[in-house]
Amino acid sequence: MTWKIERVEGADLDLEEVLEVYRSSGLGERRPIEDVTRFAAMVRNANLVVVARAEGKLIGIARSISDFSYATYLSDIAVSGDYQRSGIGRALIDATQKEAPQAKVILLSAPAAVDYYPHIGFTQHNSAWVLNP
């Protein structure tokens, strides 16, 4: 299986393709994919978006907010179900980190992925806090 990783502008992505990746990956269960206006703003306003494509088809996305110096918040990483466990998620994280090599990458894990991130070098941070709207 051959795939390509590249940085893109979120506003340039086909929103239906992105939604399909979120649905297929399972991440759509925890994101407002039914509120298309809000979801489109999420994709459009991220300032660091890296995608994976296989034969031109979108199969993965890493959506981040970064200052490119100190911190990159990796808010979403989604890989289509058929392509999971093939190294694409790791490649998306690596490409994100390469775009801001001095910045630490910060993420909030989905419950099912808490065992994955230590395996690829992340350390757990016990003082994260969330203030919901």
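Across every non-hydrogen atom of S24 and G81, the tightest pair is OG-N, 2.8 Å. Closest of all the heavy-atom pairs between S86 and W3 is O-CZ2, 3.8 Å. Across all non-hydrogen atoms, the minimal contact from A40 to L15 is CB-CD2, 3.6 Å. Nearest heavy atoms, V43 versus V49: O-CG2, 4.3 Å. When all heavy atoms of Y116 and G89 are compared, the closest pair comes out as OH-C, 4.1 Å. Nearest heavy-atom pair, I5 versus A52, reported as atom, atom and distance to 0.1 Å: CD1-CB, 3.5 Å.
Here the side chain of S64 pairs no donor or acceptor atom with the backbone of S66 at under 3.5 angstrom. Using a distance-only test at 3.5 Å, with no hydrogens or angles considered, a donor-acceptor pair links the side chain of R63 to the main chain of M42.
I106 and L74 end up in different hydrophobic clusters when Ile, Leu, Val, Met, Phe, Trp and Tyr side chains are linked at under 4.5 Å. Both I77 and L48 belong to a single network of hydrophobic side chains, linked directly or stepwise wherever heavy atoms of I, L, V, M, F, W or Y lie under 4.5 Å apart. Both I120 and V79 are part of a single hydrophobic cluster, where members link through side-chain heavy atoms under 4.5 Å apart. Hydrophobic cluster membership differs between F122 and L108, with clusters built from Ile, Leu, Val, Met, Phe, Trp and Tyr side chains linked at under 4.5 angstrom. F68 and I65 fall into different hydrophobic clusters, where Ile, Leu, Val, Met, Phe, Trp and Tyr residues are linked whenever their side-chain heavy atoms come under 4.5 Å apart, directly or through other members.
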Evaluate side-chain contact (heavy atoms from CB on, under 4.5 Å) for Q102 paired with Y70, printing each intermediate quantity in order.
-> CA-CA 6 Å; Q102 294 180 326; Y70 180 73; over 6 Å; no
Would S80 and V21 count as a side-chain contact (heavy atoms from CB on, under 4.5 Å) if you check the C-alpha gap in whole Å, the side-chain angles of each, and the deciding distance to 0.1 Å?
-> CA-CA 5 Å; S80 294; V21 170; 3.6 Å; yes
Can I93 and Y117 be said to form a side-chain contact (heavy atoms from CB on, under 4.5 Å), step by step?
-> CA-CA 11 Å; I93 292 169; Y117 294 107; 4.1 Å; yes
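When only modelled atom types and interatomic distance are considered, H125 and S127 share a side-chain donor-acceptor pair under 3.5 Å.
Taken from CZ in R30 to CG in D76, the straight-line distance is 9.5 Å, to the nearest 0.5 Å. Atom CD in E99 sits 10.5 Å away from atom CG in N47 (nearest 0.5 Å). The CG atom of L19 sits 9.0 Å away from atom CG of D14, with the distance rounded to the nearest 0.5 Å. To the nearest 0.5 Å, the span separating CD1 on I88 from OH on Y83 amounts to 7.5 Å. A distance of 12.0 Å separates CG in L13 from CZ in R44, rounded to the nearest 0.5 Å. Note that CZ of R38 and CZ of R31 are 10.0 Å apart. Values are rounded to the nearest 0.5 Å.
The residues E17 and R53 are annotated as salt-bridged, a charged nitrogen and a carboxylate oxygen being separated by less than 4.0 angstrom. Using a 4.0 Å cut-off between charged nitrogen and carboxylate oxygen, R90 and D94 count as a salt-bridge pair.
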